[in-house]
Protein chains: 2
Amino acid sequence: MGRAKRNTSASARPDIHAVARLARVSIATVSRTINNVATVDPRLAQRVWKAIDTLGYSPNTQARALVSGRSRLLGLIISEITNPFFPELIQGFEDVAVQNGYEILISSTNYDPQRMEQCIQRMLERKVDGVAVMTFGIEGPLLDRLAQRQIPLVFVDVAPNGPLFSTIEVDYRHGIREAVQHLAVLGHRRIGFISGPLHLHSARERQSAFLRAIGEIGLKLRPDWLQEGNHTLEGGISVMQKLLDSGDPPTAIMTSNDMTAIGVLHALYKAEARVPEDFSVIGFDDVTIAQFTLPPLTSVQMSRHELARCAVLALRDHLEPQPSSYVPRYKVQTKLIVRQSTGLPAARPFRRGNSRNARKAVAQS
Amino acid sequence: MGRAKRNTSASARPDIHAVARLARVSIATVSRTINNVATVDPRLAQRVWKAIDTLGYSPNTQARALVSGRSRLLGLIISEITNPFFPELIQGFEDVAVQNGYEILISSTNYDPQRMEQCIQRMLERKVDGVAVMTFGIEGPLLDRLAQRQIPLVFVDVAPNGPLFSTIEVDYRHGIREAVQHLAVLGHRRIGFISGPLHLHSARERQSAFLRAIGEIGLKLRPDWLQEGNHTLEGGISVMQKLLDSGDPPTAIMTSNDMTAIGVLHALYKAEARVPEDFSVIGFDDVTIAQFTLPPLTSVQMSRHELARCAVLALRDHLEPQPSSYVPRYKVQTKLIVRQSTGLPAARPFRRGNSRNARKAVAQS
DNA sequence: TGCAGGCGAGATAACGTTTGCGCAGAGGAG
DNA sequence: CTCCTCTGCGCAAACGTTATCTCGCCTGCA
């Protein structure tokens, strides 16, 4: 009785009972219609859809999630949203997730394990169906906590074992080989590399891809041209300054990420060296702002959109049984984007205070 | 019977009944304890908390939302996540929302009204408690759709009428006045301004703040030094080129956002002019990458964190009755951040191909 | 024509909370 | 000592779905 009289006001949001009443069917039939259950009579289904349309009904996600146990919510954990690497990743993740009928919950850890803990806690409380851990590196114990809950997880590069874990492989080699060969073709023989922090798996991968590419073309790398950076602007500046101070710097510098490359650009600017006339610089990631630097930065692109797509699909494949013909392959390519920070090597080695230096020359005049 | 025997397996996530059983109280008492209802006996409460702790219980958000009608979910609609303005806003929003016990749902419209429509649809389906519309400008009809549902909304600058609407005011004048006076103190008398697209409220506000500040110090602005840009890098480049081509450019250029300023930097670089020796440049927003440009960009900062804080608090104030002593005031300050793109005006007006141009001089040598 | 079998739709029990209501017990007043 | 009030806990009804079970009807075959 109470049930029968509920929800008669026009302003209230229609519920499944209202639809059922209007279509003169039971709520069960409405539910089946919505969920495309095959056994429902097409004529009834049409009545139901029409009722749904006229009422502007949309099912209550909370109730759905409560009974079905599936929230259609995907978690996305990233390191730091202000790092220009991530916004594009998020964008791609959102696009693909929404296409597949999922909503996303984003959390940034800011490299703080405790914050990471809270992120995971929040996601578990919201009952996410799966989590993409797109941070570089994850603490072991936290991973265990996630693993205990029966939630599918997807990672980049690093691959813990477990039936619910997926890994996205990045083919660093291809793009980095292209970059090295691009420099070699221009005539560079003195190529340096500033790595990321080597405790990160992805940084080690990039460095070894570089070393391999150098070896492939028969070049030998001077040990002091291989330096460890920390993936930050400041790191790039200080390492490049060290290279300059050494008195015998390479003519081209490749870096493990774009922030480091921008740091290199800053150091060179401060040392009054010109890019690409005195030094060629190549970044990695091809972050959006790489186009906006002066000069625009040549960089190895790793498609964030592709990465995001793989992540969502990997989770989806765990959650929804796919046709057996479907063979998942989570692999992301890299490729070189040539802009204006690379050019022919300088005829003579750069020296600080050299007359070839533009701004200094003017200052003296 | 069924009820009594459920959920006895150790691996299952504990339920409110499990807690009640362990604490030897009813589920109602557990619920009241969790929600800090005053009438519960402190000694019972302690038993309940202890049981919650030992079981590692956390309430099911979906069930909670279903019965209480409140999802504790806040929507955040932005223009475009790859625009460097937004990530910091998101970060702040996330921080403050989580502090207040809310989770957030992010959606970017990419300036596409249809996509905006979908965003709103998705948010309504997830039954968000409130939405922050942080895009610059919103379509009227969409706003109406949001208004129909009884959902609190918060906007920036633009203020529709309605009991559920809040507006965050930005004090553009303060920061822009500081910028103009900073240039004036350095000795600039020829100050230009590149505005944003003037159909945007915020762009008009910034321009009028600039005009007012110029008037305050008794300067008069030559009409051709006031140009309309479009808040993009390309816009900045082309407008600056037009100013240079005019043959009588200002010595300092202020812009309506940082992307435009970066465009100006590019145009000047291409024209072989030096910053700040030949031209001073001031941006607006103080986006993260403003620190990374060459030279680092002087810019008027509008705190995204503050903006986000206001947005969350405005929504919260609608959702949760605040003590009467609490007087909300949603206002965001702006202030000048001086970096290295501003300096003394050039002694002589800049002319393209002038001997003062650094790189050209070298090329000739 | 009668009966078995199958299929489609309706009734209803979950899902895990919050919350109004009633009731029991304690304490105070007459 | 009795009655009334007040306080605090438990019972049970929602919340809006999905899924299982059941029942009725139609078809086809003997």
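All values reported here derive from a predicted model rather than from experimental measurement. Proteins get letters first, then strands, A, B, ... in listed order; numbering begins at 1 in each.
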In this structure, how many angstroms lie between the [atom2] atom of [N] and the [atom1] atom of [X], rounded?
X	N	atom1	atom2	result
B:Q62	C:dA14	CD	C1'	16 Å
B:R13	C:dT17	CZ	P	12 Å
A:H17	D:dC15	NE2	C1'	11 Å
A:D15	D:dG16	CG	P	5 Å
A:N60	D:dT18	CG	C1'	13 Å
B:L66	D:dA13	CG	C1'	13 Å
B:R70	D:dA14	CZ	C1'	19 Å
B:K127	D:dT17	NZ	P	7 Å

### Query
Should A:N35 be listed as having a side-chain N or O under 4.0 Å from OP1 or OP2 of D:dT18?
yes
### Message
With a 4.0 Å cutoff (strictly under), does any side-chain N or O of B:S31 reach OP1 or OP2 of C:dT18?
### Response
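Looking at the OP1 and OP2 atoms of C:dT18, one of them is under 4.0 Å from a side-chain N or O of B:S31.
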Show me the protein contacts with nucleotides 10-13 of chain C, counting only N or O atoms at under 3.5 Å.
residue, atom, partner, partner atom, Å
C:dG10, OP2, A:S26, N, 3.0
C:dG10, OP2, A:S26, OG, 2.9
C:dG10, OP2, A:T29, OG1, 2.5
C:dG10, N7, A:R32, NH2, 2.8
C:dG10, O6, A:R32, NH1, 3.4

### Query
Is any side-chain heavy atom of A:M116 closer than 4.5 Å to a side-chain heavy atom of A:T135?
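Yes, side chains in contact.
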### Task
Answer whether the closest heavy-atom distance between the side chains of A:F165 and A:V154 falls below 4.5 Å.
no
### Task
Verify whether one side chain among B:R122 and B:S107 offers a donor that lies under 3.5 Å from an acceptor in the other.
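Per modelled atom types, B:R122 and B:S107 side chains form a pair under 3.5 Å.
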Within the distance-only criterion (no hydrogens, no angle test), does the side chain of [X] pair as donor or acceptor with the backbone N or O of [Y] below 3.5 angstrom?
X	Y	answer
A:D53	A:W49	no
A:D112	A:Q114	yes
B:T33	B:T29	yes
B:T109	B:Y111	yes
A:N83	A:F86	no
A:S71	A:K127	yes

### Query
For the residue pair B:P152 and B:L319, what are the closest heavy atoms and their distance?
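That would be CG-CD2, 3.9 Å.
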### Query
Using rotation axes that map the C1' atoms of four end pairs onto the next four (five pairs an end), what angle separates the end axes of the helix from C:dT1-D:dA30 to C:dG30-D:dC1, to 10°?
60°
### Task
Kindly state which residues belonging to residues 45-59 of chain A come within less than 4.0 angstrom of DNA chain C, counting heavy atoms of the residue only, listed by number.
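When residues 45-59 of chain A is checked for heavy atoms under 4.0 Å from DNA chain C, there are no hits whatsoever.
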### Residue-level proximity of residues 36-43 of chain B to DNA chain D when a heavy atom falls under 4.0 Å
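Within residues 36-43 of chain B, the residues near DNA chain D are B:T39, B:V40, B:D41.
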Between [X] and [Y] (salt bridge meaning N to carboxylate O under 4.0 Å), is one present in this structure?
X	Y	value
B:D95	A:R115	yes
A:R329	A:E306	no
A:R72	A:E320	yes
B:D41	B:R47	no

#### Entry: B:E125, CD: over 12 other non-hydrogen atoms inside 6.0 angstrom
yes
Find every protein N or O atom lying less than 3.5 Å from an N or O atom of nucleotides 23-28 of chain C, and list the pairs.
none

### Query
Considering residues at least two apart in sequence or located in another chain, which fulfil the side chain to side chain donor-acceptor pair (under 3.5 Å) criterion with B:E117?
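So B:E117 forms a side chain to side chain donor-acceptor pair (under 3.5 Å) with B:R145.
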